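Notes for the one structure printed next.
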Amino acid sequence: MKVKYTLLHNDKKARYGTIATNYGTYETPMFMPVGTRATVKSLSPEELKDMNCGIILANTYHLWLRPGEDIVAHCGGLHKFMNWDGPILTDCGGFQVFSLIKNKEKDITEEGVHFKSHIDGKDMFLTPELSIQIQNKLDSDIAMSFDECPPYPVTYDYMKQSVERTLRWAARGKAVHSNENQSLFGIVQGGEFEDLREYSCKETVKMDFDGYSIGGTSVGEDKPTMYKMIEYGVKYLPEDKVRYLMGVGDPIDILEGVERGIDIFDCVLPTRIARHGQAFTRTGKINFNNAQYKEDLGPVEEGCDCYTCRNYSRAYVRHLITTDEMLGGRLLSIHNIRFLVKLVEEIREAIKNDNFDEYKKSFIEKYNSKNK
RNA sequence: GCGCCAUUGGUGAAGUGGUUAACACGCUAGUUUGUGGCACUAGUAUGCGUGAGUUCGAUUCUCACAUGACGCC
């Protein structure tokens, strides 16, 4: 089936709704953990379920290179392959490919993108059609259109022709998309330029995708600029389709996104900072490399319901992190993902109760209380 | 007892008669946003075993002493 979004309640622009998928119906706003190579690093599907995760992400570029989409198809598709019976969204690979190109004038062509494999340096060529075909074979529930994700800043003229090319790529991808059980999302680009965001948004919506995402954020711009990009991008999206902000965010960015009408988020932050020893808490991010936790008998976060906080002390987690033990990154990944999932659970309640503004304000106040 | 070599931060060590004693680990902080790579950035010895001497200037040269390794009696 194609995903179906239902708007149930809104508090100003903030939306509470549901998204129905092949693997059940989930409430939004929602946070999706990132499982690039068909695994949310260090965590099992059972653990993700325990944290009340909905959709998870996998990546077209990485799975194309290893093990290859045919192997995944041979193993029965992504769900069977990784033993995950929840919905999966595959990113198109654009973001990865654009970090691998050398020369944007030469390597990005109308046809597709030339780049070198990060594994063996082999010349690769990814096109909008190929990205969609790979995603069809991976058999994710939601595929993303192949887009260009320009860095920040680029000139207006560059962004304009990039937006137009991304629109042509979206149409080409849609034309070859053939998996009836898979939805296809369009991506709005346009950088910080209001008129280009508007143009990108309206033209993408004309193609009638199953959902829409805001791309091109968190690429080096400052926060106020990022929030503007979200506003410009969301403005012309239809009410009855889900809105996905790609690659964002930290707790505050999620709140800022929801306030502007975003429904789903994904971000590597909770798992990446976990592997580097850091944890989200209500009073800000804490770093377990810091000596102050050496003898701390308390949980990672007081009052947290996650597996880590129910069973382990800060002193133990710090020991695991400073000795580079695998379990340390695992325990903090569990906590950090649960933290963001809990955050969106609370956000949903706040929207339902029409007090999102108040919730956001008090959350941010507390979160920033320790950091300066 | 004699000979020989060594002694530099928390650790392993590089180095020079003359501005801020290399590097690595550790330690102390910070960074991370559709994960190419999982790491990156910054700080961390007012001092070179102790004492004396030579010198404009010694961690570097000389002497004595201490400590340690090795060899010989």
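It should be emphasised that the depicted structure is a prediction, and the values quoted were computed from it without experimental measurement. Convention: sequence-line order gives letters A, B, ...; per-chain numbering from 1.
- Checked against B/G36, B/U33, B/U28, the side chain of A/S218 finds its nearest nucleotide in B/U33.
- As rounded to whole Å, 14 Å separates atom P of B/U33 from atom CG of A/L245.
- Taking atom CZ on A/R37 and atom P on B/G37, their separation rounds to 5 Å, with Å as the unit.
- Distance from the side chain of A/R318 is smallest for B/U28 among the nucleotides B/G36, B/U33, B/U28.
- In terms of position along RNA chain B, the nucleotide closest to A/G215 lies nearer the 5' end than the nucleotide closest to the other residue of the pair A/R272 and A/G215.
- Here B/A39 presents its P atom at 15 Å from CG of A/N287, a figure rounded to the nearest Å.
- Separation of the C1' atoms belonging to B/A42 and B/A6 is 36 Å when rounded to the nearest angstrom.
- Nucleic acid contact for A/D253: base, since at least one base atom lies under 4.0 Å from a heavy atom of the residue.
- Per the geometry, CG belonging to A/N289 stands 10 Å off C1' belonging to B/A29, to the nearest Å.
- Closest to the side chain of A/R275, out of B/G36, B/U33, B/C38, is B/C38.
- Taking only side-chain atoms of A/V248, from C-beta outward, the nucleotide of B/G37, B/U33, B/G36 with the closest atom is B/U33.
- Side-chain proximity of A/D250 to the nucleotides B/C38, B/U33, B/A29 is greatest for B/U33.
- When the P atom is compared between B/G18 and B/U62, the two are found 15 Å apart, to the nearest whole Å.
- For A/D222 and A/T225, the side-chain atoms include at least one donor-acceptor pair closer than 3.5 Å.
- At a threshold of 4.0 angstrom between heavy atoms, the contacts of A/N59 are confined to the sugar-phosphate backbone, with no base atom among them.
- For NZ of A/K13, the number of neighbouring non-hydrogen atoms (other residues, nucleotides, ligands) closer than 6.0 Å is 12 at most.
- The P atoms of B/A66 and B/G71 are separated by 22 Å, rounded to the nearest whole Å.
- Within the 3.5 Å criterion, the main-chain N or O of A/M32 finds no donor-acceptor partner in the side chain of A/D266.
- Spacing between B/G10 and B/A45 at atom P, rounded to whole Å, works out to 10 Å.
- Contact annotation for A/E221: no contact, since no heavy-atom pair falls under 4.0 Å across all strands.
- Nucleotide B/G36 holds its P atom 12 Å from the CD1 atom of A/I119, rounded to whole Å.
- In the set B/U33, B/G36, B/G37, B/U33 carries the atom at the smallest distance from any side-chain atom of A/L269.
- B/U7 and B/C48 have their C1' atoms separated by 10 Å, given to the nearest Å.
- Between the NE2 atom of A/H276 and the P atom of B/A29 there is a distance of 18 Å, rounded to whole Å.
- Side-chain rings of A/H9 and A/Y16 stay apart, their centers remaining 6.0 Å or farther from each other.
- Residue A/G94 is out of contact with every strand shown, counting any heavy-atom pair closer than 4.0 Å.
- Rounded to the nearest Å, the gap between the P atom of B/U16 and that of B/C4 is 24 Å.
- With rounding to whole Å, A/I321 atom CD1 is found 14 Å from B/U28 atom P.
- Nucleotides B/U54 and B/G43 place their P atoms 40 Å apart, quoted to the nearest Å.
- Remark: the separation of the C1' atoms in B/G68 and B/C56 is 37 Å, to the nearest Å.
- Under 3.5 Å, the side chain of A/K223 and the base of B/U33 form at least one donor-acceptor pair of N or O atoms.
- Contact of the A/L138 side chain with the A/W64 side chain is not registered, since no non-hydrogen atoms from C-beta on lie closer than 4.5 Å.
- No engagement by A/S117 is indicated, since no non-hydrogen atom pair under 4.0 Å with the nucleic acid exists.
- Rounded to whole angstrom, the span from the CG atom of A/D91 across to the P atom of B/G36 amounts to 10 Å.
- Ring geometry, A/Y293 versus A/F288: the interplanar angle falls from 30° to 60°, so the pair is classed tilted.
- Within the shown strands, B/U50 is the pairing partner of B/A64 under the Watson-Crick or G-U definition, both distances less than 3.5 Å.
- Taking the six-membered ring for Trp, A/Y61 and A/F115 have ring centres closer than 6.0 Å.
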